[in-house]
Amino acid sequence: MLTKAPKGTKDIIPSEVYKWQYVEKVFKDVCTSFGFEEVRTPVFEHTELFERGAGDTSDVVEKQMYTFNDKGGRSITLRPEGTSSAVRAFLENNLYAGTLPVKMFYEMSCFRYERPQAGRMRQFHQFGIEMFGAGGASADAEIISLAITFLSKLGLKGLDLNINSIGCPECRNEYNKKLKEYFSQYSDKLCPTCLSRLERNPLRILDCKSPECQEIGKDAPVILDHLCDDCKESFEKTKTMLSAMGIKYEIDTGIVRGLDYYNGIVFEIIAGDIGAKSTVCGGGRYDGLVSQLGGQPTPGIGFGLGIERLLLAMELAGIEIPKPKGIDIFIGTIGEEAKLKAQKLAYELRQKGIKADIDHLDRSVKAQMKYADKIGAEYTMIIGDTEIENNKANLKNMLDGTVKEIEIDKIGEEFI
RNA sequence: GUGGGUAUAGCUCAGUUGGUUAGAGCGCCAGAUUGUGGCUCUGGAGGCCAUCGGUUCGACUCCGAUUACCCACCCCA
């Protein structure tokens, strides 16, 4: 118990963390080149924010939230997603009064109470971006192209970008009615889950894996045929933009985002077969969310990108993440006097920004050399009484094994 | 919440129809090389065989329960 992390959580240990640092750096660089700035919001929020934001009929809010009362009796929830917090920060800090559009990115832990499986954790990590105040197709295309740029920079090939439009509240209502009408005719043939979806969310029946439901779904009305003129036009414009940038996409009328705030364009990016959960990035437009949370009507669009799934996809694709360089020099020692000297030398080198390490376990020279090799030391120097007396020691290049004699006190000059 | 699978050394896994001292590879430590890594060879440490109960003369092995992990469904990143 004490030595076991809670279900659905995982340590990122020192020997693995370089992978995270690598994708984090690439993501930040890409976002910056697109003119986005980082935002950091609290890990927990008032529960109401997610109920109003993600929507209290969404599965996430209904049964997956880590909610508790704090000692002051407030209902607090560990964030299950990032967009609600971003909108709250946008409103609370009056960012809408500044220069529009507001473009921000983030990396955050999110929490959902679910049964863990491949690519799904209870604590998971997301990259995300949000853009507020721009409702046009160029904003859509910018968001999508940022995701594609990022994933491509990491070396992922064969990305599948699937897009759809779920329309504005008006055309979606119309469409839902038509869907209900259509599927009601087959209510005796639908599977039990889809029968319950008929009332709750008929759109999801289109996603069902059961052969019967799929067969019935083939002839169901398609959302894209039932968009209002405005929605239709903006979807067309976005597609034109994507094509102009040479970004390939597929229309997938089955994409329905799980959070209630989406409207208009929605998209998913699938990067390789990483198990059942192969969607690495999902997002869309949420033009109603800002006003839903008490602000002036402001268009918004963004995406979330799962870091665990990203790393899975990269591993599966055989992408090698560059390991960071080891230390510059290991100073090995024989005897107490040498230890004293090495400690002082390492301290001076480290202050100059040179990565230096010494022995702390009083090991044999051979063992110290092995240690130096393991930590990836580029150079080693062993000092004992003779070396200290002459102020001369051998500096060994660990890559080619060559040795050169240097003055101990001038060791720093070797690393300029 | 529903269903399936797995549980033996730090890691990846063997372990015969139930039979007495539970193995390998990798990793770790040490020696060969009395003050110099990688390669090789030799040795060493490290196991309540997940837990609890049952069957049996005898259980790592068979049965049951519990727990944990993995995978899939719902849903999602």
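As a basis for the values below, the full set of heavy atoms in this structure was taken, side chains included, without hydrogen atoms, waters or symmetry mates. Chain A is the first sequence line, chain B the second, and so forth, proteins listed ahead of strands; every chain is numbered from 1.
Ring centers of A:Y106 and A:F127: at least 6.0 Å apart, outside the cut-off. Aromatic ring centroids of A:F36 and A:F105 lie 6.0 Å or more apart.
A:G401 comes within 4.0 angstrom of a nucleotide base, judged by non-hydrogen atoms across all strands. Looking at heavy-atom distances under 4.0 Å, A:E114 makes contact with a base. Within the nucleic acid shown, A:L305 has no heavy atom closer than 4.0 Å to any nucleic acid atom.
In this structure, the nucleotide among B:A32, B:G35, B:C75 sitting nearest to the side chain of A:T386 is B:G35. Relative to the side chain of A:I382, the nucleotides B:A77, B:U36, B:G38 differ in distance, and B:U36 lies closest.
The nearest pair of heavy atoms linking A:V60 to A:M65 is O-CG, 3.3 Å.
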Which pairs, protein N/O on one side and nucleotides 10-13 of chain B N/O on the other, fall under 3.5 Å?
none

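Base pairing of B:U6: its partner is B:A68, meeting the Watson-Crick or G-U wobble criterion (both donor-acceptor distances under 3.5 Å). In this structure, B:G31 forms a base pair with B:C41, meeting either the Watson-Crick or the G-U wobble geometry with both donor-acceptor distances under 3.5 Å.
When the side-chain nitrogen and oxygen atoms of A:K7 are compared with OP1 and OP2 of B:C69, one or more of them lie within a distance under 4.0 Å. Regarding contacts with the backbone of B:A68, every side-chain N or O of A:K4 stays at 4.0 angstrom or more from both OP1 and OP2. At B:C73, one or more side-chain N or O atoms of A:Q117 fall inside 4.0 Å of OP1 or OP2 (strictly under the cut-off). For A:R363, a side-chain nitrogen or oxygen approaches OP1 or OP2 of B:C29 to under 4.0 Å. Listed pair A:K374 / B:C28 meets the phosphate criterion, a side-chain N or O lying under 4.0 Å from OP1 or OP2. Using a 4.0 Å cut-off, no side-chain N or O of A:K396 falls inside it from OP1 or OP2 of B:G38.
No hydrogens or angles were tested; on distance alone, a donor-acceptor pair under 3.5 Å links the side chain of A:E387 to the base of B:G35.
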